[in-house]
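Below: the structure, in structure tokens.
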Amino acid sequence: LEKMTDLVAVWEVALSDGVHKIEFEHGTTSGKRVVYVDGKEEIRREWMFKLVGKETFTVGATKTKAAINIDAVSGFAYEYTLEINGKSLKKYMENRLKTTNTWILNLDGTDYRVVLEKDTMDVWCNGQKMETAGEFVEDGTETHFTVADHNCCIKAVSSGKRKEGIIHTLIVNNREIPEAVE
């Protein structure tokens, strides 16, 4: 395996199916561009005469659109920015905080990352979209699913405040799991 000598940027992107590592090699003398997602080569271009531009690819099980922009800053200095779904990584992650809830928990010695997509009510666990059963209850809704033979439930209850909206709580084995900050 050849050494990544032209590695110029590394990003970590939290998506519903997991946290993905994106690495970018840019050989400014050879014109080489290589994109790796989770250590797997996605794009390789040799002898690119134009050193600036854009490389587009997808990330994760949901085939999320991603792009690396290569811009000249001054002389032979370059700036590399990652876009996810057409937004800068920062904007994408800020938006994700509003549209998803993430919990990290340990069951029987194994770590699990549970993600709720609030717009679709899809639940993901360690990269797999979960089979769920939703039901209306007196104070809101409950979304039930199973992780490693443990019964899990995401309760959605109105906060009673318009600005806060709905509060989502993960309950596993009758225990509330604190939300993770990614």
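Basis for what follows: all heavy atoms, side chains included, without hydrogens, waters or symmetry-related copies. Keep in mind that what you see is a predicted model, and the values were worked out from it rather than measured.
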Between the CZ atom in F24 and the CD1 atom in I70, the distance rounded to the nearest 0.5 Å is 3.5 Å

Could you tell me if the side chain of V115 sits less than 4.5 Å from the side chain of N101, heavy atoms only? no

If you take all heavy atoms of L89 and V13, which pair is closest and at what distance? CD1-CG2, 3.9 Å

Look at atom CG of D149 and say whether more than 12 heavy atoms of other residues, nucleotides or ligands are closer to it than 6.0 Å. no

Could you tell me which non-hydrogen atom of W103 sits nearest to which non-hydrogen atom of E179, and how far apart they are? CD1-CA, 3.4 Å

Sub-4.5 Å side-chain heavy-atom contact between K118 and T99: no

Looking only at side-chain N and O atoms, does E83 offer a donor or acceptor that is under 3.5 Å from a partner on Y92? no

Using the rule that Ile, Leu, Val, Met, Phe, Trp and Tyr join whenever any side-chain heavy atoms are under 4.5 Å apart, tell me whether F145 and I104 fall into a single cluster. no

Establish whether I166 and I177 are linked, either directly or via other cluster members, by ILVMFWY side-chain heavy-atom contacts under 4.5 Å. no

Test item: R96 side-chain N/O and A14 main-chain N/O as donor-acceptor pair under 3.5 Å: yes

To the closest 0.5 Å, what do you measure between NZ (K161) and CD1 (I167)? 7.0 Å

Heavy-atom side-chain proximity of R33 to I43 below 4.5 angstrom: no

Using a 3.5 Å distance criterion without hydrogens, assess whether the side chain of D17 forms a donor-acceptor pair with backbone atoms of G60. no

Is E135 atom CD crowded by more than 12 heavy atoms from other residues, nucleotides or ligands, each under 6.0 Å away? yes

Examine distances only and state if a side-chain atom of K21 and a backbone atom of G39 form a donor-acceptor pair shorter than 3.5 Å. no

Between atom NZ of K40 and atom CG of D38, what is the distance when rounded to the nearest 0.5 Å? 9.5 Å

Indicate whether the side chain of H26 and that of Y80 have a donor and an acceptor atom separated by less than 3.5 Å. yes

Non-hydrogen side-chain atoms of L105 and L170 separated by less than 4.5 Å: yes

Check whether any side-chain heavy atom of D6 lies under 4.5 Å from a side-chain heavy atom of K32, and answer yes or no. yes

Any non-hydrogen side-chain atom of T102 less than 4.5 Å from a side-chain atom of R113? yes

Spatial distance of atom OG1 (T141) from atom NZ (K155) [nearest 0.5 Å]: 8.5 Å

Assess whether side-chain contact (heavy atoms from CB on, under 4.5 Å) is satisfied between V147 and M130, documenting all intermediate values. CA-CA 9 Å; V147 173; M130 303 302 285; 4.1 Å; yes

Flag yes if more than 12 heavy atoms outside Q128 fall under 6.0 Å of its CD atom; otherwise flag no. no

Once you round to the nearest 0.5 Å, how far does OG1 of T169 lie from CG of L116? 10.5 Å

Looking at N126 and D111, would you say the former's side chain and the latter's main chain have a donor-acceptor pair under 3.5 Å? yes

Between A72 and V52, what is the shortest heavy-atom contact and its length? N-CG1, 3.5 Å

If two hydrophobic side chains count as joined below 4.5 Å and joins carry through other members, does W11 share a cluster with L15? yes

E23 side, atom CD; I68 side, atom CD1 - distance, nearest 0.5 Å: 10.0 Å

Would you indicate whether the side-chain heavy atoms of H150 and D108 approach each other to under 4.5 Å? yes

Would you name the heavy atoms of L51 and G27 that are closest together and state the gap between them? CD2-O, 4.2 Å

Mark yes or no for whether T143, through its side chain, and G134, through its backbone, hold a donor-acceptor pair below 3.5 Å. no

Ion pair check, E94 and K90, cut-off under 4.0 Å: yes

With heavy-atom distances below 4.5 Å as the criterion, would you say the side chains of Y78 and T28 are in contact? yes

Identify the two heavy atoms, one from S159 and one from G165, that lie closest to each other, and give their separation to 0.1 Å. OG-O, 2.7 Å

Could you check whether atom CG of N174 has more than 12 heavy atoms from other residues, nucleotides or ligands sitting under 6.0 Å from it? no

Do you know the tightest heavy-atom contact between A148 and Y112? CB-OH, 3.3 Å

Same cluster (ILVMFWY, side-chain, under 4.5 Å), W124 and V172: no

